[in-house]
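Here is how names work: the chains are called A, B, and so on, in the same order as the sequence lines, proteins then strands, and each is numbered from 1. Predicted model, so just to flag it, every value in this text is computed and none were measured.
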Protein chains: 4
Amino acid sequence: MTIRFALLGAGRIGKVHAKAVSANPAAKLVAVADAMPAAADAIASQYGCEVRTIDQILRSKDIDAVVICTPTDTHADLIEKFSAAKKAIFCEKPIDLSVKRVQDCLKVVAKNKTVLMVGFNRRFDPHFMAVRAAIDAGEIGDVEMVTIVSRDPGAPPIEYVKRSGGIFRDMTIHDFDMARFLLGEEIATVSAQASVLVDKAIGKAGDYDSVSVMLTTKSGKHATISNSRRATYGYDQRIEAHGSKGSVAAENQRAVSIEVATAKGYTRPPLHDFFMTRYTEAYANEIAAFINAIGGKAKASPSGADGLAALALADAAVKSVKEGRAVKVSEVLA
Amino acid sequence: MTIRFALLGAGRIGKVHAKAVSANPAAKLVAVADAMPAAADAIASQYGCEVRTIDQILRSKDIDAVVICTPTDTHADLIEKFSAAKKAIFCEKPIDLSVKRVQDCLKVVAKNKTVLMVGFNRRFDPHFMAVRAAIDAGEIGDVEMVTIVSRDPGAPPIEYVKRSGGIFRDMTIHDFDMARFLLGEEIATVSAQASVLVDKAIGKAGDYDSVSVMLTTKSGKHATISNSRRATYGYDQRIEAHGSKGSVAAENQRAVSIEVATAKGYTRPPLHDFFMTRYTEAYANEIAAFINAIGGKAKASPSGADGLAALALADAAVKSVKEGRAVKVSEVLA
Amino acid sequence: MTIRFALLGAGRIGKVHAKAVSANPAAKLVAVADAMPAAADAIASQYGCEVRTIDQILRSKDIDAVVICTPTDTHADLIEKFSAAKKAIFCEKPIDLSVKRVQDCLKVVAKNKTVLMVGFNRRFDPHFMAVRAAIDAGEIGDVEMVTIVSRDPGAPPIEYVKRSGGIFRDMTIHDFDMARFLLGEEIATVSAQASVLVDKAIGKAGDYDSVSVMLTTKSGKHATISNSRRATYGYDQRIEAHGSKGSVAAENQRAVSIEVATAKGYTRPPLHDFFMTRYTEAYANEIAAFINAIGGKAKASPSGADGLAALALADAAVKSVKEGRAVKVSEVLA
Amino acid sequence: MTIRFALLGAGRIGKVHAKAVSANPAAKLVAVADAMPAAADAIASQYGCEVRTIDQILRSKDIDAVVICTPTDTHADLIEKFSAAKKAIFCEKPIDLSVKRVQDCLKVVAKNKTVLMVGFNRRFDPHFMAVRAAIDAGEIGDVEMVTIVSRDPGAPPIEYVKRSGGIFRDMTIHDFDMARFLLGEEIATVSAQASVLVDKAIGKAGDYDSVSVMLTTKSGKHATISNSRRATYGYDQRIEAHGSKGSVAAENQRAVSIEVATAKGYTRPPLHDFFMTRYTEAYANEIAAFINAIGGKAKASPSGADGLAALALADAAVKSVKEGRAVKVSEVLA
């Protein structure tokens with residue numbers, strides 16, 4: 001059975017999903033909607049699908065599932081509407097910038113028994129999946145300390161920064177999810193420190209560009225996260241899990257793996273430019289997992305609850321920076 | 001403009017090309033032919049194309065190009081027929097096991113001005129292309145010594161070995177092409193040694209499973225090739241070019257790049273299983289290059305002459321082993 | 001001119017220094033003292049020096065410099081005595097477990113104008129020195145975020161733990177110094193979290209075995225430290241500095257760098273056992289630097305002030321864990 | 001018991017051995033001889049030994065062992081003299097450039113039952129020893145194909161080249177020994193090709209600077225060797241053994257192992273400058289092995305017979321280049 005998709009939002013991440021959906025033999029991209037006609041047209045002509053309005057899609061009987069890639073502040077409303085319309089929903093992170101709003105939205109989803117999956121693409125990266133598989137296979141014993149280094153090649157435009165909810169909710173949120181994914185235990189406390197080292201304009205917009213985070217679980221496991229909005233050498237994405245019997249790490253990826261040796265030394269190329277090329281396989285796997293969930297072959301994961309949990313960690317990090325103390329996650333979920 | 005393809009031969013390598021053609025937005029797989037109906041049917045149903053006989057395809061007006069993946073002893077005849085029918089031709093290596101037969105076939109192709117490309121897929125591997133690009137950019141100065149290590153994960157079935165033309169024409173031929181690709185100068189002499197270390201049955205079939213080759217060009221550049229039909233750790237494919245200003249190498253590829261550290265040491269996974277997964281991108285790039293050549297955007301390369309040159313090196317290697325001496329390539333091209 | 005040394009304390013680290021001193025052509029090991037006669041005798045017979053008491057050494061005219069490797073609680077007293085006796089002093093870290101005691105001790109050293117160097121051996125590791133040199137050469141621009149992963153192969157005996165002053169003062173203190181070394185700016189605040197994951201006996205002794213630390217400087221630079229008392233794969237010692245123009249890292253070291261490839265994957269040996277083999281060159285360089293300082297060719301560095309600074313960070317970390325908040329370094333130096 | 005050494009020849013390699021002998025606690029460097037008084041004086045003053053003539057050393061009762069580092073054409077005579085004088089002998093490779101002369105010399109050594117060890121230092125490199133140990137432990141099954149890449153950072157002075165006996169006897173001889181060390185079976189045939197790519201003056205001197213060699217054993221095992229007199233990126237020394245169950249390789253070594261990442265990519269420093277720094281540990285281990293052999297704890301290895309075998313391979317390689325054919329080792333040993 002082929003799952004018929006509509007894409008809501010034809011921007012940068014929308015294009016990534018349009019490609020992943022179109023390449024999947026079990027899926028068909030039927031329609032695309034975007035406030036900008038040109039953006040929707042581009043997708044439509046590239047993948048041979050129709051341009052429709054969101055309302056048309058909502059009423060379309062030939063659509064089984066939607067991929068929500070619109071601006072964040074529309075996510076929760078769209079989820080509720082398409083949940084009511086009995087469509088399966090894949091939503092880019094975050095569901096909303098407000099924990100309360102997410103909690104309400106998830107109640108609607110639960111009531112309607114909608115298949116809802118949240119776009120934490122990194123869980124589907126083959127290398128990170130292999131790290132998780134090594135842990136599951138018992139190769140490193142009990143996981144004790146997770147180390148995540150995650151650096152963007154460059155800062156986003158200031159207009160984006162202003163609407164992003166801040167670095168913790170926009171960027172670190174992926175690392176919060178990865179920490180949960182690898183620790184296998186809920187986070188109890190969050191300590192964070194943040195500064196502006198890359199671009200003063202980010203500071204003026206009330207955000208940070210360089211942050212460090214420490215997490216603990218109830219049983220005392222640790223995770224540390226290091227984020228910067230700048231890495232001259234490409235998209236830096238490393239994870240490592242240290243356990244009682246050993247350690248497992250996924251190293252950085254590059255498009256080509258040659259090495260040139262000269263009198264100046266041995267040089268390998270920079271890393272991938274950014275997520276579109278670094279996580280190509282992850283996006284394909286993610287859509288495949290969503291299709292499996294629609295088909296009932298697996299639970300939708302990461303779930304809405306995973307989306308909520310990561311957002312709560314971001315809120316706790318914001319609070320920790322502000323108050324200079326370790327914040328309990330329960331404080332921000334109250 | 002979309003190029004309409006027919007696939008001749010639906011075996012292991014035929015499937016690889018069917019996938020590459022289908023995934024290319026400028027191509028359409030229209031028909032498939034195979035002596036085994038089940039094999040053709042499988043491709044037809046997976047990619048939504050028709051099953052036709054080779055003769056039907058020869059007469060089909062809706063076919064612009066053919067991909068020849070049939071047994072080697074049919075290649076030259078098919079090339080001549082489809083050349084006469086004015087189809088563009090992509091042919092798996094080798095064109096034939098006889099230098100004379102290849103020379104005759106290429107005359108037909110030349111007369112008909114057919115676009116003919118030979119399937120030396122490794123030239124399209126992104127990593128090997130990057131090696132070539134580094135050389136072209138002058139990063140290592142003049143290329144002086146090329147080192148190729150190429151090992152299959154396991155030996156093919158004896159029935160395959162018997163029809164293969166021997167390891168030099170079947171396996172080393174790729175490395176001969178790669179040596180030519182990287183040296184950028186014609187090979188003058190070939191010295192080879194060969195033995196049976198992996199499987200005695202291969203020896204009984206009159207072939208070898210472990211070979212070493214040294215090549216020289218007229219100006220004195222060197223290449224060495226080391227081949228084995230067995231590598232427990234996966235498909236071992238390494239090339240290195242050493243030059244007057246430095247060196248450039250492409251390292252082995254693996255499906256996932258994690259590393260597990262335990263008391264026993266640091267372990268990375270084995271390499272790719274074999275060419276189907278190792279050279280996925282190369283096969284896609286290869287078909288794209290063929291399409292470009294059909295469209296007149298580039299010369300068909302590797303060409304029939306490249307196919308002939310590599311075969312001549314294989315013949316010279318066979319002669320070198322037999323006679324225990326360095327063989328001039330001119331001796332086998334007479 | 002040869003510097004004549006006496007070694008105070010012939011235990012594990014004493015042996016390391018005895019070897020470094022003996023191998024240095026500008027030094028001569030003249031005497032050794034230890035409360036355990038057998039330990040002193042072993043050094044004496046291996047390196048051809050005399051056994052003397054500490055008091056004898058204090059009065060020895062043929063001794064220019066002492067290396068203090070006795071238990072921590074004797075360091076400050078010995079420094080003061082040998083400072084008064086006009087000997088150059090190399091003291092293992094920490095000078096004392098009390099910030100106040102260290103401050104008093106350093107006043108005596110200052111008054112006597114003694115050459116005092118503190119044993120932060122890692123500053124002399126060739127790889128870490130090369131990281132510092134790359135920073136000094138401007139290769140990564142301004143340092144912004146330092147990441148340190150430092151894991152011991154196994155926990156020390158509980159008796160050692162009890163007298164150690166706790167993991168922050170015993171183990172993390174090296175990483176505090178390394179953070180200062182690489183950041184090139186004083187630390188302003190310390191946030192730490194700590195747990196017992198390796199050995200419950202360590203917890204019963206009032207200490208931790210797994211800690212994470214975040215540091216900030218006044219200008220907003222970050223450092224993170226991850227420590228564990230257990231690493232099955234050897235002595236894990238990694239540092240990385242991320243800057244405005246790039247990043248520089250020193251990878252782990254192993255005694256032999258072979259790689260074995262089998263059907264199970266590619267395996268490299270575990271890391272060095274522990275500091276005695278990992279930092280062999282560092283200990284030799286450290287003694288050479290001390291000799292240079294004695295000869296007036298360079299300032300004694302790391303200095304007593306560096307020892308104090310690292311201890312203050314340890315105190316702040318202890319306080320941070322206890323109070324669940326970011327602690328200003330100024331709070332513990334008051 | 002301390003072994004008392006005399007050093008014959010205080011040139012570049014003589015200095016390396018003087019250091020290794022002096023650093024060994026079981027050895028004492030008593031005397032040094034050199035035709036150039038300044039060279040001998042330098043060693044004498046650095047290591048506190050006496051300058052003597054070779055004849056004096058021959059008659060010295062306080063000398064147990066000699067290290068011969070004089071020009072090659074004196075080696076065989078010195079070995080015979082010191083063998084008659086009942087001294088243990090360590091001789092730099094080669095024993096002589098003439099197979100016949102070496103054979104005669106070894107007869108004298110055998111008659112006198114002298115301990116004679118030949119300076120194939122690479123057998124004592126910890127990394128190459130670990131490769132051999134992995135083979136001995138059965139980790140890769142039966143060794144089948146050995147690959148050696150060995151490149152000097154730069155060509156030696158032409159005067160050196162003229163007296164060297166040619167690249168095969170001067171440089172490749174180390175790789176011939178390494179091939180024998182790793183294959184564990186005598187070489188049966190040698191095929192070689194050689195050219196002048198680095199420096200035309202080397203060609204005018206009748207020598208080559210770029211050579212490739214293939215070796216076979218009676219049972220059909222292979223080795224390939226690639227040599228160049230130029231590597232801009234340092235002293236390139238790689239070995240790999242491929243076997244029935246896997247493969248083992250020793251990677252290149254560098255003085256510091258940092259990596260700098262910038263917009264241009266990831267860069268590691270060049271390799272060691274040359275053998276003096278690359279093989280520091282090997283030279284120390286080599287002298288220790290010689291001392292063990294003198295003490296009767298082990299056989300002197302590599303032996304005079306090993307020196308002869310490697311020289312015969314060099315002779316066969318010269319013959320192979322000249323005659324363009326595979327040469328049997330038995331042809332040059334007749």
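Heavy-atom proximity under 4.5 angstrom to chain B picks out nothing from residues 140-173 of chain C. Contacts of residues 257-275 of chain C with chain B at a heavy-atom distance below 4.5 Å involve C:E259, C:A261, C:T262, C:A263, C:K264, C:G265, C:Y266, C:T267, C:R268, C:P269, C:P270, C:L271, listed in sequence order. Residues of residues 201-217 of chain B having a heavy atom under 4.5 Å from any heavy atom of chain C: none.
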Atom pairs and distances, side-chain donor-acceptor, residues 118-125 of chain C, under 3.5 Å, sequence neighbours left out:
| unit_1 | atom_1 | unit_2 | atom_2 | d |
| --- | --- | --- | --- | --- |
| C:R122 | NE | C:Q237 | OE1 | 3.2 |
| C:R122 | NH1 | C:D175 | OD1 | 2.9 |
| C:R122 | NH1 | C:Q237 | OE1 | 3.4 |
| C:R122 | NH2 | C:Y235 | OH | 3.3 |
| C:R122 | NH2 | C:Q237 | OE1 | 3.4 |
| C:R123 | NE | C:D177 | OD1 | 3.4 |
| C:R123 | NE | C:D177 | OD2 | 2.8 |
| C:R123 | NH2 | C:D177 | OD1 | 2.7 |
| C:D125 | OD1 | C:R278 | NH1 | 2.7 |
| C:D125 | OD2 | C:H127 | N | 3.2 |
| C:D125 | OD2 | C:F128 | N | 3.0 |
| C:D125 | OD2 | C:R278 | NH2 | 3.3 |

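B:K19 NZ: 12 or fewer foreign heavy atoms inside a 6.0 Å radius. Other residues, nucleotides and ligands contribute at most 12 non-hydrogen atoms within 6.0 Å of the NZ atom of B:K15.
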